[in-house]
Amino acid sequence: TVGAVALDVHGQLAAATSTGGLTNKKFGRIGDTPLIGCGTYADDLVAVSCTGWGEFFIRTVAAHQVAMRHRLGETLQSACHSVIDDIEVLGGDGGLIAVNVRGEISMPFNTPGMYRAAGGSHIESFVKIF
Amino acid sequence: MRYTLALHGGAGTLLPEVITPAERKEFTQALDDALKTGLELLKKGSSAVETVVHTVAKLEDCPLFNAGRGSVFSHDGRHEMDAAVMNGADRKAGAVASVSGVKNPVILARTIMEHCPHVFLSGAGAEEFARLHEIDFESEKWFYTRHRYHQWQVAKADNALLLDHTPDDVKYG
């Protein structure tokens with residue numbers, strides 16, 4: 001799965017996610033990626049893209065949960081990490097990336113690694129794996 | 001005004017000792033290229049939607065990641081891909097599921113967002129919509145990677161499922 005979240009110079013946000021799904025999937029199985037609010041979501045406050053064991057991101061409506069918790073006053077970091085914690089409690093694993101209208105980013109994951117990168121007008125670019 | 005871009009290439013049970021220095025370099029380079037391209041777009045004033053679609057399409061074209069070209073094999077040996085895009089400014093969204101042959105599913109998702117009264121299309125209908133809007137299709141050969149084929153063989157032998165970046169010995173039942 002790959003994804004991107006962006007804040008542009010007009011103060012607008014967007015999210016995009018794309019995946020080949022799970023290896024050896026059957027029965028037309030679809031994960032969280034194309035489900036708005038689960039694997040992909042953006043509004044005027046935050047943009048979110050998720051990756052991992054999709055069934056858990058669907059059951060927790062993960063991307064929208066980040067947006068709701070942030071809108072209700074949690075910091076972006078707290079909102080993102082608590083959603084990943086909820087997924088872990090259910091037995092799922094994966095990660096997400098989020099950017100908010102102030103240009104803050106959060107990239108939590110509960111797997112050993114997540115390929116990720118970020119940068120911006122006020123952030124030194126970086127690429128990380130573990 | 002500030003601009004920011006973050007991207008991911010999938011999470012998984014990859015471990016520092018499993019990934020070779022050459023693989024690490026390859027992945028890092030691919031992510032860095034996508035980041036640089038996307039930041040250039042934002043710097044020039046491109047919209048967030050344009051930037052995330054372009055960035056994800058670039059990652060779809062890289063065989064290292066489980067999306068587009070590097071997609072995994074389904075049980076019956078096909079590549080069934082999903083994608084979505086959402087614009088925070090007006091909450092418009094486009095999503096597609098279970099399409100095969102579409103070179104960049106994220107571009108199809110954006111086309112749905114911009115030219116279709118529906119949000120979410122799937123399967124043969126989504127592929128028909130793609131052809132009507134002259135979206136690029138590729139042959140099965142384009143989507144074949146030895147690494148994903150091997151993963152499929154391993155997973156099939158054990159009747160298991162694998163996440164994107166998983167050593168062969170870590171499977172989900």
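FYI, side chains are in, hydrogens and waters are out, and symmetry mates aren't considered; it's all heavy atoms of this structure. Per chain, numbering begins at 1; letters A, B, ... match sequence-line order.
- Heavy atoms of A/Phe27 lying under 4.5 Å from chain B are absent altogether.
- Comparing B/Met81, B/Arg91, B/Lys36 by heavy-atom pairs within less than 4.5 Å of chain A, the highest count is held by B/Arg91.
- Taking CG from A/Leu7 and CE from B/Met1, the interatomic distance works out to 6.0 Å, rounded to the nearest 0.5 Å.
- If you measure heavy-atom distances from B/Leu42 to chain A, the contacts under 4.5 Å come from both the backbone and the side chain.
- Put simply, the side chain of A/Asp8 gets close to the backbone of B/Ala48: a donor and an acceptor are under 3.5 Å apart.
- By number of non-hydrogen pairs under 4.5 angstrom with chain A, the leading residue of B/Glu60, B/Lys43, B/His75 is B/His75.
- Ranked by heavy-atom pairs under 4.5 Å with chain B, the list A/Asn110, A/Ile105, A/Ile36 is led by A/Ile36.
- Looking at B/Ile19, only its side chain comes within 4.5 Å of chain A, counting heavy atoms on both sides.
- Residue B/Ser46 touches chain A through its backbone alone, counting heavy-atom pairs closer than 4.5 Å.
- For A/Val9, the parts lying under 4.5 angstrom from a heavy atom of chain B are both the backbone and the side chain.
- Comparing A/Ser121, A/Ala6, A/Ala14, A/Ala16 by heavy-atom pairs within less than 4.5 Å of chain B, the highest count is held by A/Ser121.
- Between B/Leu7 and A/Ile97, the closest heavy-atom pair is CA-CD1, 3.5 Å.
- Closest approach of B/Ala11 and A/Thr51 over heavy atoms only: N-OG1, 3.3 Å.
- Chosen from B/Ala84, B/Ala34, B/Ser71, the residue pairing most often with chain A at heavy-atom distances under 4.5 Å is B/Ala84.
- More than 12 heavy atoms of other residues, nucleotides or ligands lie within 6.0 Å of CZ in A/Phe130, so this atom counts as buried by the packing criterion.
- No other option in B/Ala30, B/Ala57, B/Gly94, B/Ser47 has as many heavy-atom pairs under 4.5 Å with chain A as B/Ser47.
- Ring geometry for A/Tyr115 against B/Phe27 counts as parallel: the plane angle stays under 30°, on a 0 to 90° scale with 60° as the upper cut.
- Side-chain contact between B/Tyr3 and A/His10 is absent, with no heavy atoms from C-beta onward closer than 4.5 Å.
- A/Lys128 and B/Leu31 make their closest contact through O-CD1, 4.4 Å (heavy atoms, listed as atom of the first residue, atom of the second, distance).
- Between B/Arg2 and A/Arg102, the shortest heavy-atom distance links the atoms NH1-O, 2.7 Å.
- In this structure the side chain of B/Phe120 reaches within 4.5 angstrom of the side chain of A/Leu35, judged on heavy atoms.
- Highest contact tally toward chain B, considering only A/Cys50, A/Gly28, A/Ala42, A/Gly39, is held by A/Ala42 [criterion: heavy-atom pairs under 4.5 Å].
- With chain B as the partner, the residue from A/Ser18, A/Gly11, A/Ala47, A/Gly120 showing the most heavy-atom pairs under 4.5 Å is A/Ser18.
- Neither the backbone nor the side chain of B/Arg78 has a heavy atom closer than 4.5 Å to any heavy atom of chain A.
- Between B/His8 and A/Thr1, some side-chain heavy-atom pair lies under the 4.5 Å cut-off.
- Residues B/Leu39 and A/Val127 share a single hydrophobic cluster, defined by chaining ILVMFWY side chains whose heavy atoms lie under 4.5 Å apart.
- By the criterion of side-chain heavy atoms lying less than 4.5 angstrom apart, applied directly or through intervening Ile, Leu, Val, Met, Phe, Trp or Tyr residues, B/Phe65 is grouped together with B/Val106 in one hydrophobic cluster.
- Chain B forms more heavy-atom pairs under 4.5 Å with one residue of A/Gly94, A/Ala118, A/Ser125 than with any other, namely A/Ala118.
- Here the CG-CG distance, from A/Asp43 to B/Asp90, works out to 11.5 Å after rounding to the nearest 0.5 Å.
- Within the model, atoms CD of A/Gln12 and OG1 of B/Thr51 stand 11.5 Å from one another, a figure rounded to the nearest 0.5 Å.
- To the nearest 0.5 Å, atom CE of residue B/Met86 and atom OG1 of residue A/Thr17 are 11.5 Å apart.
- Using a 4.5 Å cut-off between heavy atoms, B/Leu35 contacts chain A through its side chain alone, with no backbone atom that close.
- Put simply, B/Phe143 and B/Phe137 are part of the same group of oily side chains (I, L, V, M, F, W, Y) that touch within less than 4.5 Å, one to the next.
- With a 4.5 Å cut-off on side-chain heavy atoms, B/Thr4 and A/His122 count as touching.
- Nearest heavy atoms, A/Thr23 versus B/Ala155: CG2-CB, 4.0 Å.
- Proximity to chain A is limited to the side chain of B/Thr55, based on heavy atoms less than 4.5 angstrom apart.
- Summarising the local packing, CD of B/Gln153 is surrounded by more than 12 heavy atoms from other residues, nucleotides or ligands at distances under 6.0 Å.
- Between A/Thr19 and B/Asn66, some side-chain heavy-atom pair lies under the 4.5 Å cut-off.
- No continuous path of ILVMFWY side-chain contacts below 4.5 Å connects A/Val61 to A/Phe56, so the two sit in separate hydrophobic clusters.
- In terms of heavy-atom pairs under 4.5 Å with chain A, the best-connected choice from B/His79, B/Glu80, B/Glu50 is B/Glu80.
- If you chain together hydrophobic residues whose side chains sit under 4.5 Å apart, A/Met68 and A/Ile58 never meet in one group.
- Ranked by heavy-atom pairs under 4.5 Å with chain A, the first of B/Asn104, B/Val85, B/Asp82 is B/Asp82.
- Nearest heavy atoms, B/Val56 versus A/Ala4: CG2-N, 3.7 Å.
- Both the backbone and the side chain of A/Tyr41 come within less than 4.5 Å of a heavy atom of chain B.
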